[in-house]
Amino acid sequence: MTSVYTVVIAGASSGFGAALAHDLAAAGHQVVAGARRPRPDAPRMRYVPVDLTDSEATHHFAQAAIEHLGRVDGLVYCAADPGAVQRAWQLDADAFARVLDVSLLGFVRLAGHLVPHMQQAGGGSIITVGSQAARTPVDLLAAYGAAKAALEHYSRCLAEELSGTGIRVNTIGIAAETELAATHRTAKAALRGRPSPHPPLPDVAESLPLARWLLSDQARHVTGQSIEANRP
Ligand SMILES: NC(=O)c1ccc[n+]([C@@H]2O[C@H](COP(=O)([O-])OP(=O)(O)OC[C@H]3O[C@@H](n4cnc5c(N)ncnc54)[C@H](OP(=O)(O)O)[C@@H]3O)[C@@H](O)[C@H]2O)c1
């Protein structure tokens with residue numbers, strides 16, 4: 001990958017995805033960002049609204065990104081559904097399915113369009129945003145953790161199957177004060193009937209350097225890994 005690169009960020013209307021999109025664009029890289037809520041374009045950042053649970057809309061988003069960027073060097077998948085916060089045995093299957101649809105299948109849909117393009121271009125860096133909840137049970141987040149475990153495993157399979165193609169696939173975990181973190185905290189407090197005992201999470205800026213590095217040439221030998229961006 002050259003020192004200026006082109007990156008698609010999915011799930012970029014708020015939180016980590018929005019912060020990374022603005023950070024990369026400010027550093028001179030070309031970005032196409034998307035999520036359901038509309039957001040304005042910025043210098044070197046084209047925003048394309050997309051619902052990643054909709055196959056046709058996701059296809060359109062991928063096409064728009066390829067047309068705008070010409071070549072896609074990086075793909076960062078940040079989208080996640082904050083719902084289905086519940087006792088594991090009381091989970092509503094439809095709410096669980098929505099979490100899987102956004103956090104796992106949205107990435108499967110998008111990868112289906114962008115990986116062939118990256119293969120043709122001879123390489124690229126893919127980052128999925130996972131969670132510690134994929135490996136450690138977190139109270140009331142069974143659906144979220146299961147979706148992240150599936151995303152992490154799928155990412156490793158992708159890395160393995162793409163080894164030798166120049167396409168790297170890694171999963172990062174973050175810990176940041178975002179809308180998703182606040183939604184989880186509020187839902188947990190409502191279920192427990194008491195506020196969260198945990199202090200606020202770090203600023204999202206602390207999670208950006210790892211993603212920046214994995215997108216860069218410096219990480220060209222790193223694939224199939226799961227790495228925490230900061231102490232959870
Ligand atoms: N914050 C943390 O401490 C933490 C810890 C571990 C992992 N993570 C992960 O970090 C990633 C970013 O989350 P965040 O913390 O930055 O929270 P966030 O601000 O809530 O970001 C989630 C993003 O996903 C998008 N999204 C949700 N459903 C979508 C859909 N159907 N189609 C397209 N986009 C959709 C949201 O945008 P719209 O609503 O506009 O669609 C939003 O841009 C997530 O994968 C999350 O699981 C966060």
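Numbers for residues simply follow the sequence, beginning at 1. Computed over heavy atoms, backbone and side chain alike; hydrogens, waters and symmetry mates excluded. Every number for a ligand or one of its atoms is a count from 1 in the order of the listing.
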Can you classify the ring geometry of Tyr154 versus Phe107 as parallel (below 30°), tilted (30 to 60°) or perpendicular (above 60°)? perpendicular
Atom 7 (C) of ligand 1 - nearest protein heavy atom and its distance: Gly130 O, 3.0 Å
Short list, please: which atoms of ligand 1 are under 4.0 Å from a heavy atom of Gly15? 16 (O), 19 (O)
Close approach, Lys148 and ligand 1, non-hydrogen under 4.0 angstrom: yes
Given Ala133, Ala18, Ser13, identify the one with the heavy atom nearest to atom 37 (O) of ligand 1. Ser13
Tell me: protein heavy atom nearest atom 35 (C) of ligand 1, and distance? Ala79 CB, 3.9 Å
Does Tyr144 reach ligand 1, in the sense of a heavy atom lying below 4.0 Å from it? yes
Looking at Gln119, I'd like to know if its CD atom is crowded, meaning that more than 12 non-hydrogen atoms belonging to other residues, nucleotides or ligands lie closer than 6.0 Å. yes
Could you name the option among Leu201, Leu180, Leu52 that has the heavy atom nearest to atom 33 (C) of ligand 1? Leu52
Among all protein heavy atoms in this structure, tell me which lies nearest to atom 4 (C) of ligand 1, with the distance rounded to 0.1 Å. Ile174 CG1, 3.5 Å
Strictly by modelled atom types, are Ser13 and Arg37 linked by a side-chain donor-acceptor pair under 3.5 Å? yes
How about His113 and Phe61: are their ring centres within less than 6.0 Å of each other? no
Need the ligand 1 atom indices (1-based, order shown) with element for anything under 4.0 Å from a heavy-atom of Ala12. 43 (O)
Atoms of ligand 1, numbered as shown, that sit under 4.0 Å from any heavy atom of Val102: 28 (N), 29 (C), 31 (N)
Looking only at protein heavy atoms, which one is nearest to atom 12 (C) of ligand 1, and how far off is it? Cys78 O, 3.3 Å
Which of the atoms in ligand 1, numbered in the order shown and given with their element, are less than 4.0 Å from a heavy-atom of Val50? 32 (N), 33 (C)
Any nitrogen or oxygen of Asp51, side chain or backbone, less than 3.5 Å from one on ligand 1? yes
Does ligand 1 have an atom that lies less than 4.0 angstrom from a heavy atom of Gly173? no
Any N/O pair Thr178/ligand 1 closer than 3.5 Å: yes
Taking both backbone and side-chain atoms of Gly17, is any N or O found less than 3.5 Å from an N or O belonging to ligand 1? no
Nearest protein heavy-atom contact for atom 29 (C) of ligand 1: which residue, which atom, what distance? Arg36 NE, 3.5 Å
Counting non-hydrogen protein atoms only, what is the nearest one to atom 25 (C) of ligand 1? Give residue, atom name and distance. Gly11 CA, 3.8 Å
Please state which protein non-hydrogen atom is closest to atom 18 (P) of ligand 1 and give its distance, to 0.1 Å? Ser14 OG, 3.5 Å
In ligand 1, the atoms that come under 4.0 Å of a heavy atom of Ala35 are 33 (C), 34 (N), 37 (O), 38 (P), 40 (O), 41 (O), 43 (O)
What atoms in ligand 1 come closer than 4.0 Å to a heavy atom of Ala80? 24 (O), 27 (C), 44 (C), 45 (O), 46 (C), 47 (O)
Distance under 4.0 Å to a non-hydrogen atom of Ala175: what atoms of ligand 1 satisfy this? 3 (O)
Provide, to 0.1 Å, the distance between atom 9 (C) of ligand 1 and the closest protein heavy atom, together with that atom's residue and name. Val129 CG1, 3.4 Å
